[in-house]
Structure formats: structure tokens, C-alpha cells
Amino acid sequence: MTAKKTAFNDIHASLGGKLVEFAGFEMPVQYSGIIQEHLAVRTRVGVFDVSHMGEFEVRGNDALSFLQRMTINDVSKLTEGRAQYSALCYEDGGIVDDLLVYHCGSSFMLVVNASNIQKDFEWLRAHVKGGVELSDVSDAISLLAIQGPHSLGTLQKLTAINLKSIEYYHHVREKLAGVEMLISRTGYTGEVGFELYFEAKGHLARTVWSAVFDAGKEFGILPVGLGARDTLRLEMGYCLYGNDIDQTTNPLEAGLGWITKLNKGDFVGRDALVKVKEQGVRRKLMGFTLAEKAVARYGYPLSIDGSEIGHVTSGTFSPSLEQAIGMGYVAVEHAQVGGTVTVGIRGKQVPASLVRVPFVHKS
Amino acid sequence: MNFPENLKYTKDHEWIRVEGGTGWIGITDYAQGELGDVVYVELPSAGAKLQQGKSFGTIEAVKAVSDLYAPIGGEVVEVNGDIQNTPDLVNKDPYGRGWMVKVRIADPAEIATLLDVEAYKKLVAK
């Protein structure tokens with residue numbers, strides 16, 4: 001199967017983006033370099049094409065009760081114009097996917113991981129009951145993330161709406177660069193930022209991209225690839241599905257208790273999660289840093305007192321801290337901030353200090 | 001991409017510049033481009049013996065880690081300390097200030113087994 005292309009594909013190629021296959025899409029992993037792109041987002045502004053993400057539309061009289069049953073956060077708390085971070089769980093409490101739920105008035109939009117689009121859609125479809133219309137609109141939507149301290153100054157030039165009035169995890173439907181879109185104050189970087197959802201058409205992609213880059217020029221705006229997207233999210237301790245969370249991990253041990261609303265009424269996975277809560281989690285997802293000049297990477301073994309306790313679920317070099325950071329599951333009795341584990345790096349046992357996430361603190 | 005003609009190359013993307021019985025070793029422009037931002041380079045100390053084709057160190061980039069393979073056998077006589085503190089020299093100047101080790105070549109006959117610039121260009125073009 002050949003990789004799918006987003007509406008920005010030609011732009012990435014013309015900018016010298018290094019294109020790789022990711023979740024069935026040809027996506028830029030980097031343009032000028034991961035560190036430079038990462039620091040642009042932390043100090044200025046950067047633009048990510050994340051059109052590979054999946055979007056589902058949920059409509060109908062029973063849409064709310066359906067989502068209340070399928071997701072772990074409390075959808076009844078969502079009002080029009082708000083978004084919510086949530087997850088889908090299996091009956092045993094394992095995670096199907098993490099996602100965003102947008103309340104768009106007469107419908108809801110779910111934003112899911114690109115690698116899980118088909119799995120999630122089938123999972124949801126199999127649970128549809130009553131008046132629910134579920135559709136996969138992933139291929140019809142372009143998604144650009146504009147992130148960084150100057151994201152607001154950049155985008156404000158292109159729209160009539162006062163962007164400051166959009167609170168975190170809120171969204172509006174407005175024109176930006178003359179293009180009708182959903183402007184959402186969300187992101188995966190920890191910085192002030194916006195995500196723009198609009199119709200996946202080549203000419204609209206070019207219009208929005210060039211308007212954003214013209215507006216951001218004075219701030220030193222840069223295109224940012226998936227490489228820096230990963231280092232930015234890991235500095236914030238955000239989970240990545242397939243690494244830090246999957247069907248074998250539950251949200252409580254993954255540090256996602258804050259979105260797990262066990263008292264909202266019944267939902268898929270609730271019984272199992274109530275049991276986990278009562279008995280207490282056996283392990284916790286913890287952050288760690290390395291003092292040595294080495295990088296812990298996904299899959300490297302983690303041990304305590306010589307016995308293997310798990311593996312690194314995410315690991316990289318942090319461009320902001322200039323040291324290696326990572327995450328992994330640690331048995332609760334050892335999951336103490338300030339504690340030490342060792343990471344097996346090519347046969348060498350390298351000490352790692354357990355730390356609180358986020359690794360990088362943003363105001 | 002830059003391919004200096006006065007160097008010999010390996011299929012693992014190292015280069016060696018030979019002057020008399022001495023060789024300077026590093027990674028190619030292609031290799032640094034594929035690796036991306038280099039953050040750490042782990043090298044042997046002076047006095048260490050390299051064996052042709054065997055790993056003599058590792059290079060950590062943000063995204064990936066890669067072994068370094070010796071283009072030639074010999075004794076390390078000098079290690080580039082600058083790249084320990086400024087590893088992005090490997091990205092910025094892979095054939096110059098980003099060199100890694102200087103070796104006293106054990107067997108000059110091994111040089112003939114390396115790729116010349118044309119052969120290396122062909123390898124990279126594949």
C-alpha cells in the first residue's frame with residue numbers, strides 16, 4: 001500500500017522536509033533539524049501539519065449518551081465551543097486510544113490518533129445504539145497546529161475574532177486567512193497554541209500555509225516535523241499511544257486519573273477501572289532523567305536492584321534541558337520521585353532519576 | 001551533498017583521510033543528514049586498538065543511535081575532544097571540525113578495500 005499524502009505534501013517536499021512513512025501517511029519528520037524546530041516552538045512559533053490525525057463526526061439524538069458510554073471523561077460537562085481530552089477503553093480497562101472530543105453544537109467531533117483510525121472507528125461502530133450517526137471524515141479535513149509564544153500574534157493578523165478570547169480547550173468556527181475553519185486553542189506542545197481544522201483541499205492548504213508563514217515571518221516562524229513534535233510532547237510528559245499507553249495499560253496507572261470520571265455513570269471499562277482504583281494501581285508511569293551522556297530509547301530495559309521491572313516507553317534527548325529524558329512504568333513501591341532506576345543502554349547500566357513530569361515547566 | 005574526492009569511504013558511511021601512515025576518521029555528510037542533530041558521540045580513548053569493520057563507538061542523535069565502524073585497523077592516537085562539547089560540529093562540518101579519531105594505520109593494505117568517491121556516490125544514490 002502506498003502512503004497517503006496530506007494536502008500539504010507538495011509544500012513539505014518543496015521546503016526540503018525529510019518525508020517518512022508514519023501511520024500510513026507520508027509525513028515530514030524534520031525540515032531544518034529537530035533541535036532548531038523544537039526551540040522555535042519553545043521560544044517563537046512553529047507550524048505542524050498534523051492532517052494525518054483522524055476525525056469522526058457523531059450526530060443524532062443519542063450522540064451524547066453514546067459518547068458518555070464510550071469515553072472515560074464526562075461528556076455531559078462539555079458545552080458548545082469546548083473540547084475535552086479523553087480516552088476510549090476496553091471492558092478490561094485497557095486503552096483503545098486517547099482522543100479529543102469537541103462539542104460543535106449539533107454534533108461532536110472526535111480527534112483520534114492516525115494509527116488508530118480504523119480500529120477506533122470499528123470499535124465505536126460496534127457499540128452504536130439508537131439515534132447515533134457516526135462518520136469518519138478524516139480524509140476531508142486538513143489540520144495545522146500553530147504552536148509557540150508567538151502563535152497568537154501570528155494568527156491574530158489573519159482573523160477578525162479576538163484570539164485571546166478563546167480560552168484553553170475552547171474553539172470557535174471562524175474565517176482565518178479567508179478560509180472557513182474551526183480554530184481550537186489546543187496542542188501537544190505545552191505552549192500557547194492553536195489547531196486549525198479546515199477542508200482538505202490543495203488550494204486551501206496553500207492559502208492557509210502561506211498566510212501563516214507571511215504573518216509569522218517577523219517572529220521567525222518555522223515548519224516543524226514529527227521529530228520535534230515528539231520531543232516537545234515528551235518534555236511535557238504527554239502520553240503517546242502505542243508507546244506510553246496501549247491496550248495493556250489502564251488510564252489510572254498512566255497518570256490519566258484526571259480524565260477518568262468513575263462517578264459519571266456507566267461507561268465501557270468502568271467496572272475494571274473501579275476495581276483498579278479500589279485495589280490501588282500496581283505500577284505508575286514515571287518520568288526519568290539521565291545524568292550521563294546517553295539517550296534512553298523506546299524498549300530499553302528498566303531495572304531496580306538488578307531485576308528488570310519494565311521498559312522505556314518513551315525516551316529522547318530533551319533540547320530544552322540538554323539531557324536525556326524518558327518515561328516508563330515502575331512498580332508503585334518504587335515509584336517515588338527522587339528514586340533511582342537503571343536503564344540498560346547497549347549492555348551498560350545507566351542510572352536514571354525518577355522525576356515529576358512535566359520535565360519542562362511552562363507558565 | 002558533499003563528497004570530497006581525497007577521502008576513502010565505507011559502506012557504513014564513515015570516511016578516512018590518509019596521510020602517510022596516519023588516518024583521520026569521521027562520518028559522511030550523507031550520514032549526518034540521515035541521523036539528524038547529533039547530541040552525543042561516544043569514542044574510544046587514545047591508545048585503543050581499532051579493527052577494520054568493527055564498531056569503535058556510537059553516535060547519538062535526537063531521533064536515533066548509530067554504531068561507528070572502523071574504516072581501518074590501527075591505534076587511536078588522538079580523539080577529537082571538541083565534538084564531546086560541541087557535537088553539532090558533526091552536522092555542520094562532517095569532513096572538517098567534526099572528525100572523530102586519528103589513527104596510526106596498522107596495515108596500509110586495508111586501504112585498498114575501501115570505496116573511492118565514485119563508488120561511495122553510487123552507494124548513496126541507491
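Chain letters run A, B, ... following the sequence lines, proteins first and then strands; every chain starts at 1.
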Between B:V79 and B:V76, what is the shortest heavy-atom contact and its length?
CG2-CG1, 3.7 Å
Out of A:A324, A:G315, A:A294, which one racks up the most heavy-atom pairs below 4.5 Å with chain B?
A:A294
Most heavy-atom pairs under 4.5 Å with chain B, out of A:Q30, A:R346, A:Q36, belong to A:R346
Just checking A:K293: does its NZ atom have more than 12 heavy atoms from other residues, nucleotides or ligands closer to it than 6.0 angstrom?
yes
When only pairs under 4.5 Å are counted, which of B:N91, B:V62, B:D88 shares the most heavy-atom pairs with chain A?
B:V62
So, do B:Y120 and B:Y30 have ring centers that fall under 6.0 Å from each other?
no
Give a yes or no on this: more than 12 heavy atoms of other residues, nucleotides or ligands lie within 6.0 Å of atom NZ of B:K121.
yes
